[in-house]
Amino acid sequence: MAKHQFQTEIGQLLKLMTHSLYSNKEIFIRELVSNASDAIDKFNHLNLTNEKFKNPDWKGAISIKLDDADGTLTIGDNGIGMSEDDLMAHLGTIAKSGTKAFVENLTGDAKKDSNLIGQFGVGFYSVFMVADRVDVITKKAGEDQAYKFSTDGTGEFEVTPVTKESHGTVIYIKLKEEEKEFLTKWKVQEIIKKYSNHIPYPITAYFSEEETEGEGDDAVTKTVNKSEQINEATALWTINKSELKKEDYIEFYKSFAHGDDEPLKYLHNRVEGANEFTTLFYIPKTAPMDLYRADYQAGVKLYVKRVFITDDNKELLPPYLRFIKGIIDSEDLPLNVSRELLQDNRILANIRQTSVKKILTAIKKLKDEDAKIFSEQYNRVMKEGAYQDHTNKELILEIIKFKSSNQDDMVGLDDYISRGDSEKKEIYYIIGKDETTLRNSPLLEAYKKAEIEVLILDDEEVDTIVTPMYGEFKGWAFKDITTIEAPTTQTKEEQEEQEKEFKSLTDRLKEVLGEEIKEAKTTNRLTTSPSCVVKDSNDPMAGMAAMFAQMGQDAPETPLILEINPEHEMIKKLTALEDKENFADMAWILLDNAKLSEGIEVKDKIAFANRIAKIATRAI
Ligand code: ADP
């Protein structure tokens, strides 16, 4: 007998299960049945494709035994089973990144955490909401030795060799005294109907019932053992759409995606023709917790003619659609399709292409509250999509919502261009870390004055990489306002005149600031601020931020251009300022102030503070 300590995270999870979560205990049945079904899926595939496992008499089945006298509920399957190593890896540690993310997100606040569990589902461990003790007896297909994994849900578990005739897993659940309601057949049936009706294998309940024979004084009551199939056992996606109700889809989603939330949207399609396949996709209402983890769990399962093939192929859909949960069932792929074969497979490429179009079209049709939820949850991955998926770029850009200088609500690009200048066909944007700083940036002043709408892109990390790659949308070019001339009513001649007038000032500024700036010049960009800084659009490094970010490096700094507002009182006075030291202080302040108001870091903060103090002293 070998005793083991649970991994720390599991310890935390178990504590949560046993002490904090009371809201929806019945889901443990859904979770265990779903595991049983997955295990049968896996053996089914081996049985059909691998000589070593071939058994024509085998039929996948799940059993639920209710033993009132003993106070145990037993869930059994004849699936693939687990080896000793599997037990340690799958039940003794948290291997899956989603589960890890879940535990990392735990707050300790019972109410919040049970909501989290609702959107997440933590599989096997949910049994400790109702169990005093759990014994898992399992034998892996193709192996001789069976094992028992036992735990009372505190810190430890035991793994012991045992005997078991055939492959599969049986889970004995010793229910807590107050959880005996799960031993009644109607209760279990109700739960199965609710969550697991369309698991594709029969679930049989074994239970005992009192039966009375005869009448009056002759009546004899005895306890009779009975069994009854309690689910429909048809894979939901194989059923005709017209025969399914919204509730059917939602219930299937709950068992399939382990969520308590309703999905935002589901799409069920059968495609016929050269390639035949069925897809059932769900858009979850809340983004999966591992959405931004490199080791995220794939959400789509691949079946071939109803036989489960894989649930960890990340190429079934493009990476930016990794939040989609669902099923692809192909009629044309071979059953023994390997990972390598899947990689450059034409049939799969075709399924993928059709699926992406269908999903994006459905997303585009989301309205009002649903559209809002979608953009809150998935705007960021869709931006990745517009960058990765050239074929569907336009459709994706129609879906993404942007913050705008025009209004507080998010805007779509179709709206934006309907309000824009249809001669110029330009989409203006500004990128930075912080929405407030961006909205108040001096660089927006001229656009506000000219009533030109600018997109406010405050997800700097992503936006700097993806936005320059958008190129254009329906013939409208994306323009970073920090790299282009601002709108102005001045003619070229007037501008040149102005530049000449301020030439000696701009020369002096450049002389003082040296390498800190590329040049100083006058601008029409500003109305209220004295100065701003912009990137030099001609600098070869300016457009390379994306490339450097992809390589995981910081882009080399490109020197900025200092622009001054010739209409500003401070600038006018500065032209007449002779005192060298005073002028130098003012030059630095013009530069650092501009940086600060645009959210750019001022490197020498102490020098900046000292100058302010010096100038303030003079002013007093
Ligand atoms: P999930 O099902 O979401 O992966 P669980 O905690 O429910 O998470 O299960 C962890 C793993 O344990 C499963 O992925 C599977 O590998 C294994 N497992 C659980 N139940 C069974 C079972 N009845 N038969 C075979 N393997 C199982």
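Remember, it's 1-based here, ligands and their atoms both numbered in the order they're listed.
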Quick one: does ligand 1 sit under 4.0 Å from the side chain of Leu91, the backbone, both or neither, non-hydrogen atoms only?
-> side chain
Heavy-atom side-chain proximity of Glu228 to Lys185 below 4.5 angstrom |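 Yes, their side chains come closer than 4.5 Å.
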Within a strict 4.5 Å, meaning less than it, do heavy atoms of the Glu26 and Lys187 side chains meet?
->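 Of all side-chain heavy-atom pairs linking Lys187 with Glu26, at least one is under 4.5 Å.
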Would one find an N or O of [X], backbone or side chain, under 3.5 Å from an N or O of ligand 1?
X      : value
Asp77  : yes
Phe124 : yes
Lys42  : no

Close approach of Met82 to ligand 1, heavy atoms, under 4.0 angstrom |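 Within the 4.0 Å threshold, so yes.
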May I ask you to establish whether Lys65 and Tyr206 are in a cation-pi arrangement, using a distance under 6.0 Å from NZ or CZ to the six-membered ring centre and at most 45° from the ring axis?
-> yes
Would you verify whether the NZ or CZ of Lys254 falls within 45 degrees of the ring axis of Tyr249 while also being under 6.0 Å from that six-membered ring's centre?
-> no
For atom 15 (C) of ligand 1, which of Gln297, His90, His167, Glu31 has the closest heavy atom?
-> His90
Heavy-atom nearest option to atom 22 (C) of ligand 1, drawn from Val33, Ile40, Val170, Thr169 | Thr169
Strictly by modelled atom types, are Asn392 and Asp389 linked by a side-chain donor-acceptor pair under 3.5 Å?
->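 Yes.
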Is the Phe323 to Tyr378 ring centre distance short of 6.0 Å?
-> yes
